[in-house]
Amino acid sequence: MTDQSSNQMWGGRFAAGPDAIMEAINASIGFDQRMAAQDIAGSRAHAAMLAATGVISDSDAQAIREGLLTVLSEIQSGTFQFSTALEDIHMNVEARLKEIIGEPAGRLHTGRSRNDQVATDFKLWVRDQFDAAESGILALIRALLAQAEAGADWVMPGFTHLQTAQPVTWGHHMMAYVEMFGRDLSRVRDARARMNESPLGAAALAGTSFPIDRHMTAQALGFDRPAANSLDAVSDRDFALEFLSTASICAVHLSRFAEELVIWSSAQFRFVSLSDRFSTGSSIMPQKKNPDAAELIRAKVGRIYGANTALMMVMKGLPLAYSKDMQEDKEQVFDAADNWMLALAAMEGMVKDMTANRDSLAAAAGSGFSTATDLADWLVRVLGLPFRDAHHVTGSLVAMAEGKGCDLPDLTLDDMQSVHGEISDDVYSVLGVDNSVNSRQSYGGTAPDQVRAQIERWKAMV
Ligand code: ARG
């Protein structure tokens with residue numbers, strides 16, 4: 001006889017229960033209870049399949065499937081008593097099922113193992129999160145499109161090295177992020193399609209001698225097909241790694257945009273005003289309105305990429321098939337998923353609510369000799385100078401304007417001609433920022449027409 005305190009699920013060969021520290025390091029119920037709904041869905045599909053293939057009776061399957069719904073409602077209503085001694089969600093659910101329906105509960109675990117069960121549950125959970133991420137990214141893209149549409153022709157400085165480079169349009173800048181989040185969206189969809197194979201029925205590692213129908217359970221759970229190799233099915237965590245790496249890249253994008261919002265909302269820039277709903281005040285400096293949401297979004301990439309690194313390291317060097325190391329996958333993914341969804345929602349809210357200050361953008365657009373390239377291009381186009389010479393002439397004119405403390409359009413024609421005698425009045429037409437952006441008609445360029453074309457293309461897709 002086994003000791004009363006040994007595990008009721010696997011304690012047959014054990015004379016004594018585990019040490020308290022063993023129980024503490026071994027148990028995952030503290031976190032994997034988040035997969036309760038997925039575990040019950042997987043078990044209900046498995047029970048139906050066992051009956052359909054004649055492995056268990058219809059009446060046992062019926063009792064199991066109904067009992068599992070009772071367990072689910074207990075968990076959802078918060079009355080379920082989770083037990084650390086029962087290690088994880090799988091054994092907690094099964095033990096409770098036994099209390100509710102008795103003997104038939106013991107037939108549920110036929111032709112499967114916790115190894116394929118946990119892989120199935122976790123895949124279902126991660127799949128839901130891919131879907132949530134897809135919705136979150138789509139909502140953010142729509143908010144960016146609305147901003148781009150409102151200010152498709154508003155001029156602002158474009159930067160390289162965070163130094164004024166050339167004027168661009170507000171719409172063009174917003175659409176740059178639409179492209180970035182659009183790639184995140186395609187990574188999410190791509191990874192979701194790749195991961196959608198069912199591990200259920202791979203059993204412990206080798207498959208099973210019971211005449212199970214893995215296609216049936218795969219279909220019932222919304223998978224495209226059963227995973228084709230049972231060893232791989234129970235030891236694959238690529239879907240979690242792809243989730244975390246996709247989340248990491250998206251979090252990097254979010255952090256870049258968040259950083260711009262922090263800079264833009266500062267008193268020095270005043271490019272945007274963030275709404276009160278996404279800002280906080282200072283307890284000591286009454287004038288302050290802090291972009292806390294943007295700062296926190298900027299920081300989230302730390303834990304999300306940290307989770308990616310952590311799971312990569314957990315999986316590195318693991319031999320086939322299942323090892324308990326893999327239980328360390330969940331907390332990382334749960335935390336990254338929660339924070340990714342939160343960051344997406346906060347960014348969407350901020351973008352929806354923020355106001356671009358058109359006048360500040362325009363004033364800044366013209367400063368910093370931002371149309372110097374237009375001047376050089378004019379010298380090439382109209383006077384036929386080689387670009388390198390035009391660059392040199394323009395450099396002299398910039399130095400002259402800098403010396404006089406004015407901008408390029410403020411130089412007189414005499415000033416201009418003192419550097420190059422053939423410069424004519426026509427040059428002023430390219431020194432205005434509106435002319436500058438309107439002239440950038442190359443595909444994907446900053447001209448409002450080009451920006452509007454891209455907005456229309458995206459609106460048809462999202
Ligand atoms: N709680 C475990 C995990 O998350 C379930 C699988 C346990 N399998 C086993 N052979 N001990 O990985």
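Throughout, numbering of the chain's residues begins at 1 and tracks the sequence.
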Please check: side-chain N/O of [X] versus main-chain N/O of [Y], any donor-acceptor pairing under 3.5 Å?
X      : Y      : value
Ser83  : Leu86  : yes
Asn435 : Ser429 : yes
Lys123 : Glu197 : yes
Ser370 : Ala365 : yes

inquiry  = Evaluate Leu375 against Leu431 for side-chain contact (heavy atoms from CB on, under 4.5 Å), listing each step before the verdict.
reply    = CA-CA 7 Å; Leu375 174 54; Leu431 295 182; 3.9 Å; yes
So that I can tick it off, tell me whether [Y] and [X] are bridged by a salt bridge, with the cut-off set at under 4.0 angstrom between side-chain N and carboxylate O.
X      : Y      : answer
Arg114 : Glu87  : yes
Asp121 : Arg34  : no
Asp184 : Arg187 : yes
Lys404 : Asp410 : no
Asp238 : Arg194 : no
Asp32  : Lys330 : no
Glu348 : Lys352 : yes

ask   = Does atom CD of Glu328 have more than 12 heavy-atom neighbours from other groups under 6.0 Å away?
value = no
query = More than 12 non-hydrogen atoms from neighbouring residues, nucleotides or ligands closer than 6.0 Å to CD on Gln81, yes or no?
reply = no
inquiry  = Applying side-chain hydrogen bond (donor to acceptor under 3.5 Å, both in side chains), can you list everything that pairs with Asn357, at least two apart in sequence or on another chain?
reply    = Ser273
In residues 215-222, what donor-acceptor pairs under 3.5 Å come from side-chain atoms, sequence neighbours left out?
| from | atom 1 | to | atom 2 | distance (Å) |
| --- | --- | --- | --- | --- |
| Thr217 | OG1 | Arg214 | O | 3.2 |

request  = Just say parallel, tilted or perpendicular for the rings of Trp264 and Phe271, cut-offs at 30° and 60°.
outcome  = tilted
ask   = Would Phe181 and Leu144 count as a side-chain contact (heavy atoms from CB on, under 4.5 Å) if you check the C-alpha gap in whole Å, the side-chain angles of each, and the deciding distance to 0.1 Å?
value = CA-CA 10 Å; Phe181 292 118; Leu144 287 162; 3.7 Å; yes
inquiry  = Given Thr446, which partner from the list Gln166, His172, Gln441 fulfils the side-chain hydrogen bond (donor to acceptor under 3.5 Å, both in side chains) test?
reply    = His172
Residue pair Val430 / Thr371: nearest heavy atoms and the distance that separates them = O-CB, 4.1 Å
For [X], which residues count as a side-chain contact (heavy atoms from CB on, under 4.5 Å) partner, sequence neighbours excluded?
X      : value
Arg192 : Arg127, Phe130, Asp131, Asn196
Gln147 : Trp170, Met174, Val351, Met354
Thr160 : Ala165

Without placing hydrogens or testing angles, list every side-chain donor-acceptor pair under 3.5 Å for residues 311-327, not counting sequence neighbours.
| from | atom 1 | to | atom 2 | distance (Å) |
| --- | --- | --- | --- | --- |
| Lys324 | NZ | Asn26 | OD1 | 2.7 |
| Gln327 | OE1 | Ser28 | OG | 3.3 |
| Gln327 | NE2 | Asn26 | O | 2.8 |

ask   = Within 45° of the axis and under 6.0 Å from the centre of the six-membered ring of Phe122, does NZ or CZ of Arg237 qualify?
value = no
Arg189/Glu242 under salt bridge (Lys or Arg N to Asp or Glu O under 4.0 Å): CA gap, chis, key distance, verdict = CA-CA 11 Å; Arg189 289 173 172 166; Glu242 282 201 65; over 6 Å; no
